[in-house]
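Just so it is clear, the values below take in all heavy atoms, side chains as well, and ignore hydrogens, waters and symmetry mates. Residues: numbered from 1 along the sequence shown.
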Amino acid sequence: SARVSSGPWLSLSCFSSKFDPHKLSDPFTKPTSKHKTQFGVVYSAGNIPCRISHGSVKMSLQWDFAIDVLVYDPLIVVCCEGIRETDHPFVFVARTAFREMCEADEGGEKTTPLVPKLVPPLRMALMSSDLAIFEAGMDALRHLARCVGPAINEYLAVLLPQVAKRALDPKFREKVTNLLQTIEESCGTASVPIIKSKCPTYTPMNTFG
């Protein structure tokens, strides 16, 4: 089984504001404490099988098991919910764990059946008025598109309207374009009409006859 027991976790004294601008959140808080998402609850209980490793320049994740032996359901879903976290270390762990699980060798095979469970928390991130969460949601959608390919096409109609709302925002215009190009590349020709219907200003990279 890939389920991990509690700890060991780094103490708060190891965390430094120089590594992450988000305010600190105590991972040892009692279960009665209020968390923004289920990720905070699971992380605080010691049931996320990775921890932060502090390098000399940047942080990384150290997994307790090889990612390929992990059971993705519900771990990757919980990490997807954690995209909406705003406190450190939840922010870094949730977003990085989600990306690394998507990028793992067996990530596509394990993630594809879970797409219906991933869409609701991903949509909530894209709907957030917090621009940092919205941007993290776009990053997650890009990773997911690369991971599962056309399996996400039937859900683009509910995910892209939130992206389209900021397509002309100078702060996000380039990132939105890059995201839509990634979706087109990863999800194939069937994704193009859906992208165009929700983001009319998007110009496809290829012309399909």
Non-hydrogen atoms of [X] and [Y] that approach each other most closely:
| X | Y | value |
| --- | --- | --- |
| L70 | K110 | O-NZ, 2.8 Å |
| F39 | G82 | CB-CA, 3.5 Å |
| L126 | G137 | CD2-C, 3.6 Å |
| W63 | E100 | NE1-OE1, 2.7 Å |
| A132 | D130 | N-OD1, 2.9 Å |
| A190 | N153 | CB-ND2, 3.8 Å |

Under a single-linkage definition using a 4.5 Å side-chain heavy-atom cutoff for Ile, Leu, Val, Met, Phe, Trp and Tyr, are [X] and [Y] assigned to the same hydrophobic cluster?
| X | Y | value |
| --- | --- | --- |
| F90 | V42 | yes |
| M124 | V91 | no |
| I67 | I52 | yes |
| L122 | V158 | yes |

Problem - Short side-chain to backbone donor-acceptor contact, R123 and L159, under 3.5 Å - result: no

Exercise for the section: Please confirm whether the backbone N or O of I194 pairs with a side-chain atom of S197, one donor and one acceptor, at under 3.5 Å? Expected result: yes

Problem - Residues L131, R166; criterion side-chain contact (heavy atoms from CB on, under 4.5 Å); working and verdict - result: CA-CA 10 Å; L131 297 183; R166 295 192 170 100; 3.5 Å; yes

Problem - Identified side-chain contact (heavy atoms from CB on, under 4.5 Å) counterpart of E174 within the set N178, V176, T177 - result: N178

Handout entry: Single hit among I152, T182, L141 for side-chain contact (heavy atoms from CB on, under 4.5 Å) with R146
Key = T182

Flag the pair [X] / [Y] as yes when at least one side-chain heavy-atom distance between them is below 4.5 Å, and no otherwise.
| X | Y | answer |
| --- | --- | --- |
| L156 | S191 | yes |
| K196 | V192 | yes |
| F98 | L118 | yes |

Problem - Carboxylate-amine/guanidinium proximity below 4.0 Å for D87 and K36 - result: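 The answer is yes: the pair qualifies as a salt bridge.
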
Exercise for the section: Show your reasoning for whether side-chain contact (heavy atoms from CB on, under 4.5 Å) applies to D139 and I83. Expected result: CA-CA 10 Å; D139 288 339; I83 291 169; over 6 Å; no

Practice task
Could you give me the CA-CA distance, side-chain angles and deciding distance for T37 and E85, then say whether side-chain hydrogen bond (donor to acceptor under 3.5 Å, both in side chains) is met?
Solution key: CA-CA 7 Å; T37 72; E85 292 287 350; 2.6 Å; yes

Which distance, rounded to the nearest 0.5 Å, do you find between the [atom1] of [X] and the [atom2] of [Y]?
| X | Y | atom1 | atom2 | value |
| --- | --- | --- | --- | --- |
| D64 | C50 | CG | SG | 7.5 Å |
| E135 | L179 | CD | CG | 11.5 Å |
| K175 | R142 | NZ | CZ | 6.0 Å |
| D68 | E109 | CG | CD | 10.0 Å |
| T96 | M59 | OG1 | CE | 7.5 Å |
| L160 | Q162 | CG | CD | 8.5 Å |

Practice task
Please assess L180 against K198 for the test side-chain contact (heavy atoms from CB on, under 4.5 Å), listing each intermediate value before the final yes or no.
Solution key: CA-CA 11 Å; L180 298 178; K198 302 303 176 182; over 6 Å; no

Can you give each donor-acceptor pair under 3.5 Å made by side-chain atoms of residues 72-80, sequence neighbours left out, with the distance rounded to 0.1 Å?
unit_1 : atom_1 : unit_2 : atom_2 : d
Y72    : OH     : M101   : O      : 2.7
D73    : OD1    : K117   : NZ     : 3.4
D73    : OD2    : K117   : NZ     : 3.0

Exercise for the section: Any pair with a residue in residues 120-165 that passes ring pair (Phe, Tyr, Trp, His ring centres under 6.0 Å), sequence neighbours left out, goes on the list, sorted by first then second residue, please. Expected result: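 Qualifying pairs: F134-F172.
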
